[in-house]
Amino acid sequence: MTEAGSNKADTGFSLRIQQLGKVVDTGAQRLTILQAVNIEIKSGESVAIVGASGSGKSTLLGIMAGLDLPTTGSVELLGHELGTLDEDQRAAVRAEGVSFVFQNFQLLPGLTALENVMLPLEIRGVRNARDEARQLLTQVGLGERQLHYPTQLSGGEQQRVAIARAFAGKPAILFADEPTGNLDSKTGAQIEDLLFELNQAGGTTLVLVTHDERLAQRCQRRVHMNAGRLEAL
Amino acid sequence: MTLYRQWLLSLRLLLREARSGELTLILAALLIAVTSTTAIALFSARLDLAMQSRSNDLLGADLRLQSTTPIDSAWTEQAQQLGLKTSQTLTFPSVVLHGDDMSLAAIKAVDKGYPLRGILRIREQAADNAAVIAAAQGPAAGEAWVEPRLLALLNAQLGDEVELGTTRLRLSAVIIEESDRGGNFYNLSPRLMMNWADLEASGLTAAGSRLKWRLLLLGDEQALAQLRNFRDLAPNQTFESLADSNQAMANALDKARRYLGLAAMLAVVLASVAVAISAQRYASRHFDISALMRTFGLARAQVWNIYALQLLQLGLVATLAGLALAAGLQAGLLAVLGELVPQPLPAAPWSAWLLGASSGVLTLLGFALPYLLPLARVTPLRVLRRELQPVPLSGWLITSLALIALTLLLFLFTHDLPMTLGMMGGGSLLVVIILLVLNGLILHLRQRLAQHDLPLMWRFAWQHLSRNSRQSAGQILAFALTMMVMLVIGALRNDLLADWQASLPDDAPNVFAINIQPYEVDDFRQSLQDAGLESQKLYPMVPGRLLRINDVSVQELAVADDPAINRDLALTSDQQLPASNVIEEGSWQRLLDESGQVSLEQRLAGRLGVGLGDTLAFSAAGVEFSAVVSSIRSVDWGTMTPNFYMMFSADVLAQLPANYLTSFYVPPASQAQLTALIRQYPGITLLDMQVVLGQVQALLSQVSLAVELILLFVLVAALLVMLSSLVAALPERLREGAVLRTLGAGTALLRRGHLAEFALLGFISSLLALLGAEAICFGLYRGLLSLPYDGLGWVWLWLPPLAAVMLALPGMWLMRRTVTVAPLRVLRELVE
Ligand SMILES: Nc1ncnc2c1ncn2[C@@H]1O[C@H](COP(=O)(O)OP(=O)(O)OP(=O)(O)O)[C@@H](O)[C@H]1O
Ligand SMILES: [Mg+2]
């Protein structure tokens, strides 16, 4: 029932993973990080990946997004079979509709909030990048802070800029690695609201890694990572 | 994404970064590199062009016969028979009087054939805007043309009469251009041009030293070749063709240019280091954005294009700005050098601009590119795992690229491969050795000091300096080297002549009298006595050349290039060993007892490899003779008394037509007596050393000022090296400052720590510079010039604090945030 192949196929799924495994060589020993992972995520769905620290969540997220390759198994992202693509072709898939929000990896310190949001739009060649970025910043409540540099913003504000940036260009799928990890629970809640608002407004698929139980609960589906294996909850 | 869009993006990013100050240092460093090299390239190219375009005019002829004695009229007749055009000139130094003012001038008497070829341009009114006329002939009889400089020295105006020997000449024009004037760099005295017909009346034609007769010849090559074979030349005569004269000129200019070029290269090396440090930091700060751009969907090649385009644009901006600045700097150089450079200079060719611009490109390629290359290889996975860094290029690769770039640049500048390789090899070796020693010293000191309890601020300062001991060693070297060179040049410029003059006794002779004819000797001695002027002995003097050493022609010996071989030496004889001479080998007595003996000056003997018992053959006044070396003398040249390389037994000089020379002291109050003497003995050349020294001093000042102008850029480049390494260490410094402050350290303490650190850096560098400069000056004074040396004196007091302030001000300014920003803020920024 899988349609393997590099041609784009509209299957109604944003992401399909089969029998995925990841083994790394750490010089002396071979470390199995992921093992026999299977998951299918429909377009527009929101999925939370939870699990203990070191269980392999971030590794899985990276592979799902095409930032890294699995050792075994297949990943089909937005209809592309990633295993058959080289790095630059995978980059092209990302350009088409993938974006990210991270715990620590936030904004470029040399650019203002506005410029940070504009950057992916400019890279994708969007015409009125500036207007669109302004609009997004207003949407996340930072209309007044557009010209501030990241260091002039609080952690929550920075994360909101990051979310505005992630939604710039209306991605088909958004990967977030502990988006609220560094925030207090009130600010965290605001960020969550924002994520789901934008998810619903644009029909963006959400894949979140989180330790935050409340955030996980708000997702349509939760999966549990346990020592490299995925278990549905 | 099209290339155009990549370019737009790279430009946008670049502008944003520029605004945040990220690029300032890299730009400044590039600017320094481009500016200093371009300025020198322009300057040299223009000089070259001036030389080339006028090489035909430089001789003022196709061929020139030069002689230190009057040229037999048979030459002229033969030349005219062969259909050649001829003209004669005579040049010599002499004193020109205008009322009570006097000046030494380079006199040139020209006949009616002059100028044969070349450019002679004059103004008949002194005003700067007066019309410039191309003269078809030299000054008319009774008239003289002078360089504007001489008017000023004599307080004279056009239309005034000046005295030259026994005649009076009316100043009728100023000389704007005289293409066959000869190497301007070494011509100190201003020109006075007169008519050949006035020579006789001036009484200046008697034979003597420092006179040069020239027969200028113009015509077809065959006739010229025939004339060359007309007769054998006397040893004091030479043919000069274009090639020879160009060579001499090129050599002279080359020297001046090489110093400037070296200074510029020093600026480039330092600027390149600053570029490398800044580029490394730039790259490591852009790993994140590269990774991010990849997650946004950019391919590796596209990321690479964006950085390459950025680099290109950065280089372009720096190069354009550098070229503009260089035009200014080069104009400054020309202004400083003034009349030493041939006027007017042609515009610089585009190749010089290109050469200057290439220094920017090469610096970027050799020093920035190696650090930026890995940027394209950042994996996008870095957004999830921060620790993932691209593998940097290997250290060897980076070093080789840098060395290749520098070598290429140096070669472009010198066109001299052996010298380039020598300098790169020797230079890098020297630098590495000095760095190792400095580094070792710092590490050693660190161990020693670790056992002592220094005050806290000094401990902070010392910790910073010694922790990056290699980096500190590099900075110290850069500052010390630059300051040292500036000190040495400054010392030579200001003190050399002053020190020498001060070392002379108050009544040391200050006037040399040369070309005293034998029949005048008694009268002149009497006149000096009558005027109350006490003179040294009058020595007979014959200009002569060394031909052979032990029957081997000097031209075939290794010493053929020695300056003493290629010019006339002053040959003399006397019963008594001069006061400032000491016999080192052999005996003086043999000179008195035996015939055919010569006593040789020690250093010349050493250079020529001549010892006691060797036989030397000479030619003087058309006579060839030889003498056996019977003693070797050391001579104190700095005494202003007549001194000689060669002193013969009386029999040798007796066969030669000598004229006499002496020196004497004229007290300031007796200037009138000197003027009277000049009028009384027009044929005797009186050289007022005060004036000659003044002219040397002026020349020295101009040239060293030009070099120091470039050195200023070197200093700025050294400062940029320090600043860029400070900026690179800023995050670490911020964290440290924040941690210290959370531990309760006050801002005042931190500030004092920074002050101590940079002041210490400046202090150590300046001390090293002073030590080096003292050593070099000592060597120069005592070794080369045999002058007493009494140190740099006050400089020891003012330079260290000045250097400390010079480094502390920008250093503390850069570090200001580590002291003032809220610690919490710093710690949070760094967590990211
Ligand atoms: N390239 C690699 N080389 C060696 N070990 C790796 C590599 N990548 C991941 N690991 C290891 O695999 C394990 C899983 O890492 P991962 O970052 O996916 O965990 P995680 O579930 O995201 O943990 P956390 O909740 O702490 O972020 C860890 O033990 C990590 O050290
Ligand atoms: Mg993780």
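Order of the sequence lines sets the chain letters (A, B, ...), proteins ahead of strands, with each chain counted from 1. Just so you know, these numbers use all the heavy atoms, side chains as well, and skip hydrogens, waters and symmetry mates. Small disclaimer: the values here were computed from a predicted structure and weren't measured.
The side-chain heavy atoms of A:Leu119 and B:Ile289, taken from C-beta on, include a pair separated by under 4.5 Å.
Contacts with chain B (heavy atom to heavy atom, under 4.5 Å) involve these residues of residues 49-63 of chain A, listed by number: A:Ser58, A:Leu61, A:Gly62.
Per-residue counts of heavy-atom pairs under 4.5 Å with chain B were compared for A:Arg94, A:Met118, A:Arg90; the largest is that of A:Arg94.
Note that the CG atom of A:Asp68 and the CG atom of B:Leu381 stand 4.5 Å from one another [nearest 0.5 Å].
Open room surrounds CD on A:Gln135; 12 or fewer heavy atoms of other groups in view lie less than 6.0 Å from it. By the 6.0 Å contact criterion, CZ on A:Arg134 is enclosed, its count of non-hydrogen atoms from other residues, nucleotides or ligands being greater than 12.
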Practice prompt. May I have the step-by-step check of side-chain contact (heavy atoms from CB on, under 4.5 Å) for A:Arg165 and B:Leu292, ending in yes or no?
Written response: CA-CA 11 Å; A:Arg165 184 177 69 188; B:Leu292 208 58; 3.2 Å; yes

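Put simply, the side chain of A:Asp88 never gets that close to the backbone of B:Ala301: no donor and acceptor are under 3.5 Å apart.
Heavy-atom distances place the side chain of B:Leu13, and not its backbone, under 4.5 Å from chain A.
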